[in-house]
Enquirer: 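Before anything else, here's the structure in question.
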Amino acid sequence: MKQPRPHPLMSLLSLMSLSGRLGLALTLASQAAALQGSLGPPVAPPENPMTLAKARLGRALFWDEQLSTLDTMACATCHLPEAGGADPRTMQDLPGSTYIGWDRTLGTEDDTHSSPGIAGHTSDLHLSFKKQTELGPQLTIRNTPMVFDAAYAPILLLDGKATADFIDPMTGQVISPVGAALESQAIIPYSDQKEMSFFERPVPDVIADVRASAPLALAENVPADLAAWIAGRSYDELFEEAFGSPGLDIVRIGQAVATYERTLVTHDQIPFDAYLDGDVNALTAEERAGYDVFLARGCVTCHPGAIMSDHEFRNIGLDGPYDDVGREFITGMATDHGRFRTPTLRNLALTAPYFHDGSALTIEDAVEFFDVGGRHAAPNKDPLIVPLGMSALEKSRLVAFLGRPLTDPRAANFEGPYERLGLYSESARRPQIYGAGTAGSQGETPRMWAIEPTRLGRTINVGVSRATPGAPAALLVSPEADVLGSPFQGATLHVRLGPGASSYRIQVASPGFGEGSQSLRLMLPDTPALAGTSLFAQWLIFDPHPGGRLAASPAVRMLLIH
């Protein structure tokens, strides 16, 4: 396997900087060659040529949580380098990753394991109650697909919603007629009601949010080259440099993000690439035997060549008749029911869990699924999905081939184009919930919600759920760390109001309007001297039931930042 290049982005740019119809022809030719075993760098559509400045702009946009309506989600939140550009949060054993299936009953076979997205909220940014997730992050309906090597796919998303033609959603103008699935996909999350927005955030609002954000103001560990390029400039200024003229619009956002994503490719970096180039020692004897199983058992039919995908849509017998409709949601055709796009197997070992519902936790689980011929029958189940009857030795060899030989080591090590930035949502600066709270007369302990960045001069939501519906409630807020007991030991906690403290009285929502939840939006003081200090808050619920008692939520510590 070749050693990582010292400047991978520049190397890619030198290979990708093609223009005109020749560039388009090479795009299609490279995709065709990939199915035959040769995988070169991806080529951008001629309407969006690769440049270093545009890739840097796209990288900033990709990692910027401020571009979501609550400042809590970035593209990178669900597409992390260490997970091959997928989302490790979707594992079944992690709390908050199980989405209620199409039968609307939690705990049944059609539940999916998917990425937490943005919290439900109204157009005026107040948190809204959702039955399964309360006031917290909503769950998307499908396991997050990997973004690495997405540049080679002629159509994107599991159901193919992101097509090869890139269309300006504001004007309906076709910007790129072919080869632009990345551009089409890149703008979808900004208005998606579960990913980065409330329902169908208008495009002008997306633009306004980008323009109002200081680039990567919430991020940590910004690489030196990216920080030096941004150099305190606004997004308007960055867009002007990247595109050579003033203008910040949704088309350019999509083109910049797509340009960055075209650098997230693993061509000629995995051991299997070297093996295809003739280096038989790139794989161990066991891994070569596993590749023989891969060929003999027909896996190669759907996962051919170096890209290891034919990009077709298939029903593999994963879902029952009332589960996820898949491609049918896009085409409206019953013959597409339960069909999903064949993923690439490159970096497979990093991207667990597997399948669109996240039901296979390991590569072994996925191999077992195909060995038994799928889980369900369906009229349009792909005829290739049949019981294989592999031996235990065949399975272990196949698993060995699907692991190290297909893994780009730069991803796990955050090297080359996969250099990591730190997100606010995973940092110690985010609000910290602590303490155990006190249950009310119904035996339920109110739950505290505070998830947004606590920036001076901004407003944030502080919410409560699982409270007695219709009960009076008070939010106690204090700048003092005046707490009885040790706050991070899980003991029942009460905040004692100190100098400068405030209280806010509201009514908890009545039944049918949140089932005992409420959200209060607070303005944080615009006082720079307070940066680095903390606010403490706790909900008190005045239980109106006979024999009622004062219930209390756990408390929250909110570190104030610029």
Enquirer: Return the minimal non-hydrogen interatomic distance between L70 and P453, and the atom names on each side.
Expert: O-CD, 3.8 Å
Enquirer: Which pair of non-hydrogen atoms, one from P116 and one from D87, has the smallest distance, and what is that distance?
Expert: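 So the two residues come closest at CD-OD2, 4.4 Å.
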Enquirer: Please assess Y190 against V210 for the test side chain to side chain contact (heavy atoms under 4.5 Å, CB included), listing each intermediate value before the final yes or no.
Expert: CA-CA 10 Å; Y190 293 110; V210 175; 5.7 Å; no
Enquirer: Got a salt bridge between R252 and E240, using NZ or NE/NH1/NH2 to carboxylate O under 4.0 Å?
Expert: no
Enquirer: Can you list the steps and then say if R410 with D408 is a salt bridge (Lys or Arg N to Asp or Glu O under 4.0 Å)?
Expert: CA-CA 5 Å; R410 300 174 304 167; D408 186 340; 2.7 Å; yes
Enquirer: Quick check: does any side chain N or O of D168 sit under 3.5 Å from a backbone N or O of M170, one acting as donor and the other as acceptor?
Expert: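 Indeed, once roles are kept as given, a pair shorter than 3.5 Å links the two residues.
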Enquirer: Of the non-hydrogen atoms in L61 and V257, which two are nearest, and what is the gap between them?
Expert: CB-CG2, 3.9 Å
Enquirer: Please round to the nearest 0.5 Å and tell me the distance separating atom CD1 of I541 and atom OG of S553.
Expert: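 Spacing of CD1 (I541) from OG (S553) equals 7.0 Å.
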Enquirer: What residue among T344, T407, N347 forms side chain to side chain contact (heavy atoms under 4.5 Å, CB included) with T266?
Expert: N347
Enquirer: Once you round to the nearest 0.5 Å, how far does OG1 of T454 lie from CG of L535?
Expert: 8.0 Å
Enquirer: Does Q138 reach the main-chain N or O of I118 with its side chain, forming a donor-acceptor pair under 3.5 Å?
Expert: yes
Enquirer: From the options R429, R430, R521, select the one residue that forms a salt bridge (charged side-chain N to carboxylate O under 4.0 Å, His left out) with E452.
Expert: R521
Enquirer: Quick one: CD1 on I250 to CD on Q255, what's the gap to the nearest 0.5 Å?
Expert: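 Those atoms lie 11.0 Å apart.
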Enquirer: Does the side chain of E241 pick up a donor-acceptor pair with the side chain of W229 at under 3.5 Å?
Expert: yes
Enquirer: Please answer whether the main-chain N or O of T98 pairs with a side-chain N or O of Q132 as donor and acceptor at a distance below 3.5 Å.
Expert: yes
Enquirer: Are V206 and I187 close enough that some pair of their side-chain heavy atoms sits under 4.5 Å apart?
Expert: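 No, their side chains stay 4.5 Å or more apart.
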Enquirer: Minimum heavy-atom separation for L361 and A352, please, with both atom names.
Expert: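 Answer, listing the atom of L361 first, then A352: O-CB, 3.5 Å.
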Enquirer: Considering only heavy atoms from C-beta outward, does the side chain of R142 approach that of L157 to under 4.5 Å?
Expert: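 Of all side-chain heavy-atom pairs linking L157 with R142, none is under 4.5 Å.
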Enquirer: Quick one: closest heavy-atom pair of T144 and C78, and the distance?
Expert: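 Shortest heavy-atom separation between T144 and C78 comes out as CG2-O, 3.2 Å.
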Enquirer: Is any side-chain heavy atom of F129 closer than 4.5 Å to one of L135?
Expert: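 Result yes, sub-4.5 Å side-chain heavy-atom pair found.
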Enquirer: Heavy atoms, side chains only, cut-off 4.5 Å: are L156 and S184 in contact?
Expert: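 They are not in side-chain contact.
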Enquirer: Could you tell me whether a side-chain N or O of T438 sits under 3.5 Å from a main-chain N or O of A552, the two making a donor and an acceptor?
Expert: no
Enquirer: For the residue pair P215 and R233, establish whether any side-chain heavy-atom pair is separated by less than 4.5 Å.
Expert: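 P215 vs R233: side chains apart.
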Enquirer: Decide yes or no on side-chain hydrogen bond (donor to acceptor under 3.5 Å, both in side chains) for R375 and S359, but give the supporting numbers first.
Expert: CA-CA 11 Å; R375 184 185 301 153; S359 58; 3.2 Å; yes
Enquirer: Please name the pair of heavy atoms, one in E444 and one in P446, separated by the smallest distance, quoted to 0.1 Å.
Expert: O-CD, 3.6 Å
Enquirer: Check the pair R420 / W63 against side chain to side chain contact (heavy atoms under 4.5 Å, CB included), numbers first and verdict last.
Expert: CA-CA 9 Å; R420 187 79 146 76; W63 285 89; 3.6 Å; yes
Enquirer: Please evaluate residues I253 and F239 with respect to the criterion side chain to side chain contact (heavy atoms under 4.5 Å, CB included), reporting the C-alpha separation (whole Å), side-chain torsions for both, the decisive distance (0.1 Å), and the verdict.
Expert: CA-CA 9 Å; I253 290 174; F239 271 83; 3.7 Å; yes
Enquirer: Can you tell me how far the CG atom of L127 sits from the CG atom of L520, to the nearest 0.5 Å?
Expert: 10.5 Å
Enquirer: Under the 3.5 angstrom rule, does the side chain of Y354 hit a backbone N or O of L348 as a donor-acceptor pair?
Expert: yes
Enquirer: Got a second to check how far R201's CZ is from D192's CG, nearest 0.5 Å?
Expert: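 Going from the CZ atom of R201 to the CG atom of D192 covers 10.5 Å.
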Enquirer: Within the 3.5 Å criterion, strictly below it, is a donor on W449 or S465 matched to an acceptor on the partner's side chain?
Expert: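 Present: a donor and an acceptor within the cut-off.
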Enquirer: Taking the basic N atoms (NZ, or NE/NH1/NH2) and the acidic carboxylate oxygens, is any pair closer than 4.0 Å for D71 and R455?
Expert: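 Salt bridge present between D71 and R455.
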Enquirer: Yes or no on side-chain hydrogen bond (donor to acceptor under 3.5 Å, both in side chains) for Y235 and D64, after CA distance, side-chain angles and deciding distance?
Expert: CA-CA 11 Å; Y235 269 122; D64 202 332; 2.6 Å; yes
Enquirer: Give a yes or no answer on whether the side chain of D209 reaches the backbone of T69 with a donor-acceptor pair at less than 3.5 Å.
Expert: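 No; judged by distance alone, with no hydrogens or angles, the pair does not exist.
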Enquirer: Considering only heavy atoms from C-beta outward, does the side chain of N221 approach that of L421 to under 4.5 Å?
Expert: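 Not touching, per the 4.5 Å side-chain cut-off.
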Enquirer: Just by distance, do the side chain of N143 and the backbone of T90 share a donor-acceptor pair under 3.5 Å?
Expert: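 The answer is no, because no donor-acceptor pair under 3.5 Å joins these two groups.
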Enquirer: Quick one: are R327 and I330 in side-chain contact, heavy atoms under 4.5 Å?
Expert: yes
Enquirer: Suppose we call two aromatic rings close when their centres sit under 6.0 Å apart. Are F355 and F340 close by that rule?
Expert: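 Between F355 and F340, the centre distance exceeds or equals 6.0 Å.
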Enquirer: What's the spacing between M448 CE and Q432 CD if we round to 0.5 Å?
Expert: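 The CD atom of Q432 is 13.0 Å from CE of M448, to the nearest 0.5 Å.
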Enquirer: Yes or no on side chain to side chain contact (heavy atoms under 4.5 Å, CB included) for R557 and Y434, after CA distance, side-chain angles and deciding distance?
Expert: CA-CA 8 Å; R557 174 184 179 269; Y434 64 95; 3.8 Å; yes
Enquirer: Considering only heavy atoms from C-beta outward, does the side chain of T77 approach that of M196 to under 4.5 Å?
Expert: no
Enquirer: Quick one: do S128 and H121 satisfy side-chain hydrogen bond (donor to acceptor under 3.5 Å, both in side chains)? Show the steps, please.
Expert: CA-CA 5 Å; S128 56; H121 59 288; over 6 Å; no
Enquirer: Quick check: does any side chain N or O of E220 sit under 3.5 Å from a backbone N or O of S427, one acting as donor and the other as acceptor?
Expert: no
Enquirer: Is there a donor-acceptor pair closer than 3.5 Å between any side-chain N or O of K54 and the backbone N or O of A242?
Expert: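 Here the side-chain-to-backbone pair does not exist.
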